[in-house]
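Bear in mind that the values here come from a model prediction, so they are computed numbers and not experimental data.
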Amino acid sequence: YVLCSTNQYVLSDAGANILHGAEKDDVTGLTYNENTAEGNVILFTATAWDGDKPCVITMKNILTAVKRMNDHCECTEEDRVLSQIELTRIFGLVYSLFWPLANGACVCVGRGIRHIDSDTFYYNPTILPGTPSVMNYCNRISAFNPEIRKVIIGDSPCPFRLYEALSDRDISVYTVYGSAENTGSVAINVSVDGAYDLLDDSCVFIAEDGEILVKGDCITPGYYNDKD
């Protein structure tokens with residue numbers, strides 16, 4: 001299935017090619033593994049030279065991202081994770097949905113932006129994924145419930161003052177780095193100095209011109225060996 005920016009589900013094949021008639025649920029050529037019940041999720045990323053390009057997020061991609069995160073941050077069946085981030089973004093999809101579900105945690109779906117300041121006390125999460133702007137807002141209005149022990153930040157780095165404010169509340173801060181084409185799992189920061197550690201140091205290389213090269217099971221189909 002395709003999870004697109006309009007929150008509609010559109011069918012596509014494994015090559016990220018939208019199937020004819022998909023919007024009418026009348027398609028041919030869809031390959032679905034009935035034995036494993038495995039399907040794909042597709043996100044669209046904006047490019048500088050062309051229109052939105054689809055990324056096929058496979059089960060292997062998702063499980064790779066989950067394992068890498070588990071190596072650095074624990075999420076268990078005892079945790080309750082509040083999902084307030086758009087699932088059309090790789091950060092929200094992986095860290096507020098798939099990662100906690102894969103670990104047996106309870107995922108609480110937020111009630112929308114109007115309730116972003118009250119959902120924390122409504123659901124009482126122990127782990128809260130969010131962007132720096134959302135976290136800054138919650139910090140400013142004291143919207144962190146007492147049960148929160150971990151905050152997962154993505155989409156942009158965590159500002160120093162926000163890190164300090166969260167640490168003062170005895171909240172562990174994890175900032176993840178990655179894009180849709182690498183399933184959002186390249187590096188993680190857990191310290192106040194802002195330095196990132198690679199989630200898998202065997203899969204990231206720096207080219208002579210400074211370009212960051214990523215390989216491995218986190219790379220989504222369609223981007224593997226794609227020179228563009």
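- With contacts defined as side-chain heavy-atom distances shorter than 4.5 Å, the pair I206/L213 does not qualify.
- Using a 4.5 Å heavy-atom threshold, the side chains of I62 and I57 count as touching.
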Ignoring hydrogens and angles, write down the donor-acceptor pairs under 3.5 Å from the side chains of residues 132-143, residues two or more places apart or on other chains.
unit_1	atom_1	unit_2	atom_2	d
S133	OG	T131	OG1	3.1
N136	ND2	P132	O	3.3
N139	OD1	R169	NE	3.3

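- For R149, the salt bridge (charged side-chain N to carboxylate O under 4.0 Å, His left out) test picks out no residue, with sequence neighbours left out.
- Within the 4.5 Å cutoff, the side chain of L128 has no heavy atoms near those of the I152 side chain.
- The salt bridge (charged side-chain N to carboxylate O under 4.0 Å, His left out) test applied to D200 returns R68, not counting sequence neighbours.
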What's the verdict on side-chain contact (heavy atoms from CB on, under 4.5 Å) for H72 and L199, showing C-alpha distance, side-chain angles and the deciding distance?
CA-CA 8 Å; H72 295 79; L199 289 169; 3.5 Å; yes
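- Using a 4.5 Å heavy-atom threshold, the side chains of L97 and L87 count as touching.
- Annotation: ring pair (Phe, Tyr, Trp, His ring centres under 6.0 Å) contacts of F98 (sequence neighbours excluded): none.
- Within the structure, the side-chain hydrogen bond (donor to acceptor under 3.5 Å, both in side chains) test picks out the following pairs touching residues 152-163 (sequence neighbours left out): R89-D155.
- In this structure, P125 and V81 have side chains that are not in contact, with every pair of non-hydrogen atoms separated by 4.5 Å or more.
- Looking at residues two or more places apart in sequence or on another chain, you find a salt bridge (charged side-chain N to carboxylate O under 4.0 Å, His left out) between D71 and K67.
- Residues satisfying the side-chain contact (heavy atoms from CB on, under 4.5 Å) criterion with D209, sequence neighbours excluded, are A207, E211.
- At a threshold of 4.5 Å between side-chain heavy atoms, the hydrophobic network of Ile, Leu, Val, Met, Phe, Trp and Tyr places I127 and L166 in two separate groups.
- With values rounded to the nearest 0.5 angstrom, S167 atom OG is found 9.0 Å from L162 atom CG.
- Summarising the geometry, atom OG1 belonging to T220 is positioned 6.5 Å from atom CD belonging to E181; distances are rounded to the nearest 0.5 Å.
- In this structure, the side-chain contact (heavy atoms from CB on, under 4.5 Å) partners of V190, at least two apart in sequence or on a different chain, are Y174, I188.
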Does the pair N61 and T58 meet the rule for a side-chain hydrogen bond (donor to acceptor under 3.5 Å, both in side chains), with working shown?
CA-CA 5 Å; N61 297 148; T58 67; 3.0 Å; yes
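- Remark: T76 pairs with E74, E78, D79 by the side-chain contact (heavy atoms from CB on, under 4.5 Å) rule, at least two apart or across chains.
- Residues N103 and C75 share a closest heavy-atom pair of CB-O, 3.1 Å.
- In the hydrophobic clustering (ILVMFWY side chains linked at under 4.5 Å, chained through shared members), F121 stands by itself.
- Under the 4.5 Å side-chain contact rule for hydrophobic residues, V151 and F160 share a cluster.
- Here salt bridge (charged side-chain N to carboxylate O under 4.0 Å, His left out) pairs that include residues 103-123, with residues two or more places apart or in two chains, are R111-D119.
- At a threshold of 4.5 Å between non-hydrogen side-chain atoms, the residues P100 and Y95 do not count as touching.
- Tracing side-chain contacts under 4.5 Å through hydrophobic residues (I, L, V, M, F, W, Y), one reaches V107 starting from F91; they form part of the same cluster.
- Around CZ of F205, the count of heavy atoms belonging to other residues, nucleotides or ligands within 6.0 Å exceeds 12.
- Nearest heavy atom pair, residue V94 against residue A65, reads CG1-CB, 4.0 Å.
- In this structure, the side chain of Y177 does not engage the main chain of L198 through any donor-acceptor pair within 3.5 Å.
- Residues that satisfy the salt bridge (charged side-chain N to carboxylate O under 4.0 Å, His left out) test with R80, not counting sequence neighbours, are absent from this structure.
- Under the 3.5 Å distance criterion, the side-chain polar atoms of N189 are matched with a main-chain donor or acceptor of A195.
- Other residues, nucleotides and ligands contribute more than 12 heavy atoms inside 6.0 Å of the CG atom of D193.
- Between the side chain of S96 and the backbone N or O of L93 there is no donor-acceptor pair closer than 3.5 Å.
- Shown are L82, T120, N124; of these, the side chain to side chain contact (heavy atoms under 4.5 Å, CB included) with C108 is made only by L82.
- Going from atom OH of Y123 over to atom OG of S118 covers 9.5 Å, rounded to the nearest 0.5 Å.
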Pair K150-T126, side-chain contact (heavy atoms from CB on, under 4.5 Å): steps then yes or no:
CA-CA 7 Å; K150 298 173 184 176; T126 58; over 6 Å; no
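- Summarising the geometry, atom CD1 belonging to I153 is positioned 3.5 Å from atom SG belonging to C158; distances are rounded to the nearest 0.5 Å.
- Atom CD1 in I85 sits 13.5 Å away from atom CD1 in I90 (nearest 0.5 Å).
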